[in-house]
Structures are given as C-alpha cells and as structure tokens.
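Worksheet: one structure, shown below.
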Amino acid sequence: QVQLVESGGGSVQAGGSLRLSCVASTYTYSDYCMGWFRQAPGKEREGVAIVGRSGGLAYTDSVKGRFTISRDNAKNTLYLQMNNLKPEDTAMYYCAAGQNICLLRARFFDYWGQGIQVTVSS
C-alpha cells in the first residue's frame with residue numbers, strides 16, 4: 001500500500017502564495033501518476049493537477065497559469081506551487097496516487113492522503 005502525507009497548507013490573503021508538499025511511503029513512487037484534488041464544503045471533489053511518470057502535466061482550467069505541479073522522485077515527494085490565490089481556491093486539498101491511466105479524474109487514483117486545508121481570504 002501507499003501512504004501519502006500532505007503539508008504546507010494554511011491561510012493566506014487573496015493574491016498570496018502557498019506550496020503544498022506530499023510525501024509518499026512507497027519504494028515504487030516513480031511508477032505512479034500523482035495528482036492534487038480539492039473539495040470545498042458542500043461541493044464535489046475536483047481534480048486540480050496531475051503529473052505522470054514521465055513528467056506529463058494537466059491542470060484544470062481555473063488554475064492554469066497560477067498553479068504548478070511537480071515531482072521529485074528521489075525524495076518521493078509531490079509539490080503544488082499555488083500563486084495568485086483566490087477565495088475560490090479555498091478547500092481541503094488531497095494528494096493522490098494512481099497505478100494505471102493518468103488523467104485528471106478521481107476514478108483513476110487508488111491512494112489518497114488525509115487532506116490539508118487551504119483558506120484564502122478576500
């Protein structure tokens with residue numbers, strides 16, 4: 001199994017930045033598609049960004065140009081750099097790992113972190 005632990009969340013004013021990190025406890029980290037998802041109270045879980053085994057990237061439209069996903073396979077770590085944050089970005093953010101198809105859809109991810117809160121005030 002894969003254990004995922006997020007860090008780096010918190011509260012920030014609109015226009016500010018945060019960087020989320022996710023450490024994976026697996027010996028085969030480089031075999032996984034990795035992604036970030038988010039869920040606000042009363043809303044559906046939304047895919048934010050993914051990075052594939054070979055570095056392929058995908059983002060949801062609302063974060064393009066503001067967020068950057070990256071991975072460091074040597075450290076078993078996934079990152080999400082979030083710039084120019086907006087109140088609409090407020091949500092619980094989840095790190096996820098998938099074993100097969102790498103697309104920005106929750107159905108393709110098998111392992112999930114506990115989530116970390118990001119709050120953006122206007």
Side-chain angles (χ1 to χ4, degrees):
Q1 64 177 349
V2 179
Q3 306 288 329
L4 303 171
V5 180
E6 303 99 335
S7 63
S11 298
V12 66
Q13 295 270 27
S17 298
L18 288 171
R19 188 178 74 160
L20 305 183
S21 299
C22 170
V23 178
S25 61
T26 174
Y27 293 109
T28 57
Y29 173 76
S30 62
D31 292 339
Y32 290 89
C33 171
M34 301 297 298
W36 290 99
F37 294 76
R38 65 187 181 186
Q39 188 166 22
K43 301 290 185 66
E44 295 290 317
R45 185 165 295 189
E46 174 190 28
V48 177
I50 54 170
V51 55
R53 295 184 299 170
S54 298
L57 305 172
Y59 298 89
T60 192
D61 287 344
S62 64
V63 308
K64 288 179 180 176
R66 299 189 298 121
F67 291 12
T68 303
I69 189 171
S70 61
R71 64 192 296 163
D72 186 338
N73 289 344
K75 296 181 179 179
N76 276 23
T77 302
L78 178 74
Y79 302 98
L80 185 68
Q81 179 66 47
M82 303 184 290
N83 297 326
N84 191 25
L85 283 159
K86 302 176 179 180
E88 308 94 274
D89 297 316
T90 295
M92 187 74 71
Y93 282 70
Y94 298 89
C95 174
Q99 294 178 277
N100 198 1
I101 297 172
C102 196
L103 294 171
L104 196 58
R105 298 289 187 273
R107 60 171 290 202
F108 297 114
F109 290 83
D110 306 294
Y111 305 99
W112 297 83
Q114 291 297 305
I116 190 162
Q117 182 67 38
V118 170
T119 301
V120 184
S121 59
S122 59

Smallest heavy-atom separation, Thr77 atom then Ser21 atom, equals CG2-CB, 4.4 Å
What pairs of donor and acceptor atoms, side-chain ones from residues 114-122 against any protein atom, are under 3.5 angstrom apart with sequence neighbours left out?
{"unit_1": "Gln117", "atom_1": "NE2", "unit_2": "Ala91", "atom_2": "O", "d": "3.4"}
{"unit_1": "Gln117", "atom_1": "NE2", "unit_2": "Thr119", "atom_2": "OG1", "d": "3.4"}
{"unit_1": "Ser121", "atom_1": "OG", "unit_2": "Gln13", "atom_2": "OE1", "d": "2.9"}

Honestly curious: do Val48 and Met82 fall in one hydrophobic cluster under the side-chain, below-4.5 Å linking rule?
yes
Rounded to the nearest 0.5 Å, what separates atom CZ in Arg38 from atom CG in Leu80?
9.0 Å
Between Ser62 and Glu46, does a side-chain contact (heavy atoms from CB on, under 4.5 Å) hold up when you go through it step by step?
CA-CA 11 Å; Ser62 64; Glu46 174 190 28; 4.0 Å; yes
What ring-ring contact (aromatic ring centres under 6.0 Å, His included) pairs are there with at least one residue in residues 5-58, not counting sequence neighbours?
Phe37-Phe109, Phe37-Trp112
Determine whether Asn100 and Phe108 make a side-chain contact, defined as any pair of heavy atoms from C-beta on separated by less than 4.5 Å.
no
Rounded distance (nearest 0.5 Å) linking atom CG of Asp31 with atom CD of Gln99
9.0 Å
ILVMFWY cluster, Leu20 and Val12 together (side-chain gap under 4.5 Å)
yes
Quick check: closest heavy atoms across Gly113 and Glu6, and the distance to 0.1 Å?
CA-OE2, 3.3 Å
How close do Gln81 and Ser17 get, heavy atom to heavy atom, and via which atoms?
NE2-CB, 4.1 Å
When every non-hydrogen atom of Gly8 is compared with those of Leu18, the smallest separation belongs to O-CD2, 4.0 Å
Under 4.0 Å between a Lys/Arg side-chain N and an Asp/Glu carboxylate O for Asp61 and Lys64?
yes
Starting from Val2, can I reach Ile69 by hopping between I/L/V/M/F/W/Y residues whose side chains sit under 4.5 Å apart?
yes
So does Gln39 get a backbone contact from the side chain of Tyr94, meaning a donor-acceptor N/O pair under 3.5 Å?
no
Please give me the minimum heavy-atom distance between Asn73 and Ser30, naming the atom from each residue.
ND2-CB, 3.7 Å
Does Ala24 offer a backbone N or O that forms a donor-acceptor pair with the side chain of Asn76 under 3.5 Å?
yes
Linked, directly or transitively: Leu78 and Phe67 (ILVMFWY side chains, under 4.5 Å)
yes
In Å and rounded to the nearest 0.5 Å, what is the OG1 to CG distance from Thr68 to Leu57?
8.5 Å
I'd like to check Leu104 versus Tyr59 (side-chain heavy atoms, cut-off strictly below 4.5 Å). Are they in contact?
no
4.5 Å side-chain heavy-atom contact, Leu4 and Met34
yes
Can you measure from CZ (Arg107) to CZ (Arg105) and round to the nearest 0.5 angstrom?
10.0 Å
Within the distance-only criterion (no hydrogens, no angle test), does the side chain of Arg71 pair as donor or acceptor with the backbone N or O of Gly52 below 3.5 angstrom?
yes
Between the OH atom in Tyr111 and the OG atom in Ser25, the distance rounded to the nearest 0.5 Å is 10.5 Å
